[in-house]
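Working notes, beginning with the structure itself.
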Amino acid sequence: MWSRLSNKTACGRATVALAAILASACQSAPAVKEAAPPKSAPAADAVAAVQSPAELPPRALADFDHAVGLMRAGNASEAEARFHELALAYPSFAGPDINLGILYRKAGRLVESEQALKAATTRNAASAPAWNELGVTLRLRGQFPEAAAAYEHAIAADANFAAAHRNLGVVLDLYLADPERALTELERYQELSGEEKPVSVWIAELRQRTGKKKPASPAPAAPADQAPPTPASPTPATPSGE
């Protein structure tokens, strides 16, 4: 797909894409949000527990939080060991494998990252963060259709998971030559996130390429205590075909 992006328009799109990625990374880094690597989607240091406290004993949650703290502090090897222990002790808990996938990805161990994230989706198929992270790793491995499918799984698990909509839009546009679907996903991302620039620039460029205009804003509703005006002489409808 990149071989098709050698003109000025393509360069502009790539610049916008990179700007959108870097801006999103800065926004999500300090929170326990879902992660994505540089050049793709929102970057975060770790993923929060994806199960409610009622589903795990307090000790497990405390150990998980400690491992996340080690991960964020840069103690990758110790964090990895703790996440492995948690994954073995709590087979239905996807959080440890998600963070292992992120750790491996940051270290360039993409095969291991994919394995860990697939394990996370097996533990909890309804985890949008697990599917989103798997999509990020698959994209980095050049498996673009599979990455798109993973993002679609994330959206199926949580239709309001904004990062998956953006990541899917990126893959559809830059790698799978589907700008119309990319536009739909990026518009949905913007709706969910409230982000304006730089994603709005990309959306505008996609609308230009696809020939789709910006949807018209709905007319403001009449005040509750004021009925809409009624024409004095209603105009009869004209029968079709005459």
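The minimum heavy-atom distance linking Ala120 with Ala94 is given by the pair O-CB, 3.6 Å. Here the closest heavy-atom approach between residue Ser113 and residue Arg105 is recorded as OG-CB, 3.7 Å. Residues Ala157 and Ala126 come closest through the heavy atom pair CB-O, 3.5 Å. Across Gly169 and Ala182, no two heavy atoms sit closer than the pair O-CB, 3.4 Å. Contact between Val68 and Phe83 at its shortest, heavy atoms only, is N-CZ, 3.8 Å. The two residues Pro91 and Ala89 have their closest heavy-atom pair at CD-O, 3.5 Å.
Without hydrogens or angle criteria, Tyr151 side chain to Val136 main chain gives a donor-acceptor distance under 3.5 Å. Distance alone, capped at 3.5 Å, is enough to place a donor-acceptor pair between the Gln190 side chain and the Glu195 backbone. The backbone N or O of Leu183 lies less than 3.5 Å from no partner atom in the side chain of Trp202, so there is not a single donor-acceptor pair. One N or O on the side chain of Thr121 and one on the backbone of Lys118 form a donor-acceptor pair closer than 3.5 Å.
Leu100 places a side-chain heavy atom less than 4.5 Å from the side chain of Asp97. Under the 4.5 Å side-chain criterion, counting only non-hydrogen atoms from C-beta, Arg181 is in contact with Leu168. Within the 4.5 Å cutoff, no side-chain heavy atoms of Pro96 are placed close to those of His84. By the 4.5 Å heavy-atom criterion applied to side chains, Arg166 and Val199 are not counted as neighbours. Between Glu146 and Leu134, the closest side-chain pair of non-hydrogen atoms is not below 4.5 Å. When side chains are defined from C-beta on, Arg139 does not count as touching Leu174, because their heavy atoms never get closer than 4.5 Å.
The CG atom of Asn167 sits 12.5 Å away from atom CD of Glu152, with the distance rounded to the nearest 0.5 Å. Put simply, NE2 on His165 and CG on Leu186 are 10.5 Å apart, with the number rounded to the nearest 0.5 Å. For the atom pair CZ (Arg207) and NZ (Lys214), the distance works out to 6.0 Å, reported to the nearest 0.5 Å. Taking CD1 of Ile98 as the start and CG of Leu117 as the end, the distance is 7.5 Å to the nearest 0.5 Å. Note: Gln208 CD to Ile203 CD1 = 14.0 Å, rounded to the nearest 0.5 Å. Glu205 contributes atom CD, which lies 12.5 Å from atom OG of Ser200 (distance to the nearest 0.5 angstrom).
Residues passing the side chain to side chain contact (heavy atoms under 4.5 Å, CB included) test with Ala164, sequence neighbours excluded: Asn132, Ala154, Ile155, Phe161. The side chain to side chain contact (heavy atoms under 4.5 Å, CB included) search around Glu112 returns Tyr104, Arg109, Gln115, not counting sequence neighbours.
Hydrophobic cluster membership differs between Val170 and Leu192, with clusters built from Ile, Leu, Val, Met, Phe, Trp and Tyr side chains linked at under 4.5 angstrom. Linking Ile, Leu, Val, Met, Phe, Trp and Tyr residues whenever their side-chain heavy atoms come within less than 4.5 Å leaves Leu70 and Leu103 in two separate clusters.
Between Arg188 and Glu185 no salt bridge is recorded (no basic side-chain N to carboxylate O distance below 4.0 Å).
Proximity of the aromatic rings of Phe64 and Phe93 is defined here by a centroid distance below 6.0 angstrom, and this criterion is met.
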Steps toward side chain to side chain contact (heavy atoms under 4.5 Å, CB included) verdict (Glu85, Asp63): CA-CA 10 Å; Glu85 292 172 1; Asp63 289 346; over 6 Å; no

Apply side chain to side chain contact (heavy atoms under 4.5 Å, CB included) to Gln143 and Thr137, showing your working. CA-CA 9 Å; Gln143 300 177 32; Thr137 293; over 6 Å; no

